[in-house]
Amino acid sequence: MTFNVGFIGGGNMSTAIAKGILKNDNHPVSKIWVSGPRLHSLQQWKEWGANVTTKNSELILQCEVVFIGVKPGVLNEVITECLSTIKPITKNVLFISMLAGTTIEQLHKALEQLPLQIQVMRIFPNTPMAVGAGSCLYSGDSSVTQEECTLLEKLLRGCGVLEHVPEKLMNTLGVLTGCGPAFMYMVIEALADGAVKQGVPRAMALRHAAQMVAGSGQMVLQSGKHPGVLKDEVCSPGGCTICGVTALENGKLRATMINAIEAAASKTKDMEKK
């Protein structure tokens, strides 16, 4: 079975998901649609063969699955525009929200105004989905069926790891997977800077810093060992690695990383209250 997929909002996260879908040669998508306030900003989507429009209602009428990738404060504008143009019809639409801090209950209250038969799912994606190495969480409302969960998993198969979690974990675990890439980019940049300071050409330092972080992640996933054990295996007595680890401990790296997750989670919870 194939179907049309739409993205309300063509920003970075929508782009990452679309790229991840297209990486899978066996994806079930007939056509991709995207809507935004300015057509010129959707030019790259057009180059991928997507249909572009400034009318969210047109996209919804054309698609069976619709990702919502706008800022939370823009959702009501989207609904208002659709209410003025969509007439009551018998059409099932699965809405998949990427709105941080917006609960399924809040989404339902907004979307149930539309004269459609709707189901709502919530996802917490991340930008590495664009290269098929992402981590994406999802949760659905009580009306979402196993068939629809399977449909989402099939749709995002080329994006990386997808896991169904209780909605209560979406904020706290979601900031780890969704915000974490930004933190890791800073780590990669800082490690490369350290190598540059020692005389390594920047492009070479960045390339190997990025590969080292990617490889370290794979070691954790594939070996099944605790990261602390893997760290100890690299630290020879009196060696250079343990001296570097001591410098990281003196700089409170662990506490800083924990605080970063806590700060991001706190912000997400504040957004949910609004």
Side-chain angles (χ1 to χ4, degrees), residues 3-14 16-18 33-37 55-86 88-126 129 136-153 155-156 159 162-175 177-179 264-265 267-274:
F3 47 86
N4 291 344
V5 170
F7 292 86
I8 296 178
N12 291 337
M13 210 60 80
S14 294
I17 292 174
W33 283 73
V34 61
S35 62
K55 299 182 184 301
N56 300 314
S57 54
E58 180 183 12
L59 180 149
I60 291 173
L61 289 172
Q62 293 293 332
C63 298
E64 289 73 42
V65 177
V66 176
F67 287 87
I68 306 175
V70 298
K71 298 292 185 184
V74 179
L75 180 60
N76 286 333
E77 293 178 27
V78 171
I79 301 300
T80 300
E81 185 257 310
C82 292
L83 285 172
S84 66
T85 52
I86 296 180
I89 56 173
T90 303
K91 176 179 170 63
N92 290 303
V93 180
L94 174 61
F95 287 96
I96 302 172
S97 169
M98 297 181 267
L99 277 61
T102 304
T103 66
I104 291 174
E105 182 181 1
Q106 291 169 327
L107 289 163
H108 248 301
K109 285 181 179 178
L111 293 168
E112 68 186 8
Q113 300 175 63
L114 297 176
L116 305 165
Q117 297 179 32
I118 68 168
Q119 282 77 42
V120 178
M121 300 182 80
R122 181 182 172 194
I123 65 171
F124 217 126
N126 65 9
M129 292 174 72
C136 184
L137 313 174
Y138 78 95
S139 189
D141 65 19
S142 58
S143 68
V144 170
T145 65
Q146 182 56 49
E147 183 181 6
E148 285 161 334
C149 292
T150 301
L151 180 150
L152 180 65
E153 292 175 1
L155 182 63
L156 300 184
C159 297
L162 182 70
E163 185 165 351
H164 189 184
V165 301
E167 190 181 15
K168 65 182 180 181
L169 293 181
M170 288 291 280
N171 286 344
T172 48
L173 184 57
V175 297
T177 58
C179 305
K267 177 62 177 179
T268 304
K269 290 171 183 175
D270 287 344
M271 293 168 66
E272 189 173 287
K273 294 174 184 176
K274 295 179 179 178

### Message
Main chain of V144, side chain of D141: is a donor-acceptor contact present, judged purely on distance under 3.5 Å?
### Response
yes

### Query
Do you know the tightest heavy-atom contact between M170 and R122?
CE-O, 3.4 Å

### Query
Between E163 (side chain) and L137 (backbone), is there a donor-acceptor pair under 3.5 Å?
no

### Query
Can you name the closest pair of heavy atoms from G178 and N126 and give their distance?
CA-CB, 4.0 Å

#### Entry: Check: K269 main-chain N/O paired with N171 side-chain donor or acceptor under 3.5 Å
no

### Query
Donor-acceptor pair, E77 side chain versus V74 backbone, under 3.5 Å?
no

### Task
Determine the minimum heavy-atom distance between C149 and H164, stating which atoms define it.
SG-CE1, 4.2 Å

### Query
E153 and Y138: side-chain contact (heavy atoms from CB on, under 4.5 Å), yes or no, with the steps?
CA-CA 10 Å; E153 292 175 1; Y138 78 95; 2.6 Å; yes

### Summary
In this structure, CZ of F124 is separated from CG of L169 (nearest 0.5 Å) by 12.0 Å

### Summary
In short, G101 meets Q106 closest at the heavy-atom pair O-OE1, 3.7 Å

### Query
CD of E147 to OG1 of T150: how many Å apart, nearest 0.5 Å?
7.5 Å

### Task
Quick one: do I17 and L155 satisfy side-chain contact (heavy atoms from CB on, under 4.5 Å)? Show the steps, please.
CA-CA 10 Å; I17 292 174; L155 182 63; over 6 Å; no

## Note on the structure
Value for CD1 (I8) from OG (S14), rounded to nearest 0.5 Å, stands at 9.5 Å

### Task
Evaluate the side-chain proximity of I60 to F95: yes if any heavy-atom separation is below 4.5 Å, no if none is.
yes

### Task
List the atom of E148, the atom of S143, and the distance in Å for their closest heavy-atom pair.
OE1-O, 3.9 Å

### Residue that, paired with T268, satisfies side-chain contact (heavy atoms from CB on, under 4.5 Å) out of T172, V175, T102
V175

### Query
Judged by atom type as modelled, is there a donor-acceptor pair below 3.5 Å linking the side chain of E167 to the main-chain atoms of I104?
yes

### Task
Just do the side-chain contact (heavy atoms from CB on, under 4.5 Å) check on L107 and L75 with the steps written out, would you?
CA-CA 9 Å; L107 289 163; L75 180 60; 4.1 Å; yes

### Query
Do S139 side-chain atoms and P166 backbone N/O form a donor-acceptor pair below 3.5 Å?
no

### Task
Over all heavy atoms of both residues, which pair between E112 and K109 is shortest? Give the atoms and the distance, please.
CG-O, 3.7 Å

### Query
Can you tell me how far CG of N56 sits from CH2 of W33, rounded to the nearest 0.5 angstrom?
12.0 Å

### Query
Do the side chains of L111 and I68 get nearer than 4.5 Å, heavy atoms only?
yes

### Message
I'd like to know if the side chain of Q113 reaches the main chain of L83, judged simply by a donor and an acceptor atom lying under 3.5 Å from each other, with no hydrogens or angles considered.
### Response
no

#### Entry: Pairwise side-chain contact, I123 with L152, heavy-atom cut-off 4.5 Å (strictly under)
yes

### Task
Compare all side-chain heavy atoms of M13 with those of F67 and state whether any distance is below 4.5 angstrom.
no

### Query
What's the verdict on side-chain contact (heavy atoms from CB on, under 4.5 Å) for F3 and V65, showing C-alpha distance, side-chain angles and the deciding distance?
CA-CA 8 Å; F3 47 86; V65 177; 3.8 Å; yes

### Interatomic distance, H108 atom NE2 to I118 atom CD1 [nearest 0.5 angstrom]
5.5 Å

### Query
Which distance, rounded to the nearest 0.5 Å, do you find between the NZ of K168 and the CG of L173?
12.5 Å

### Query
Donor-acceptor pair, K55 side chain versus S35 backbone, under 3.5 Å?
no

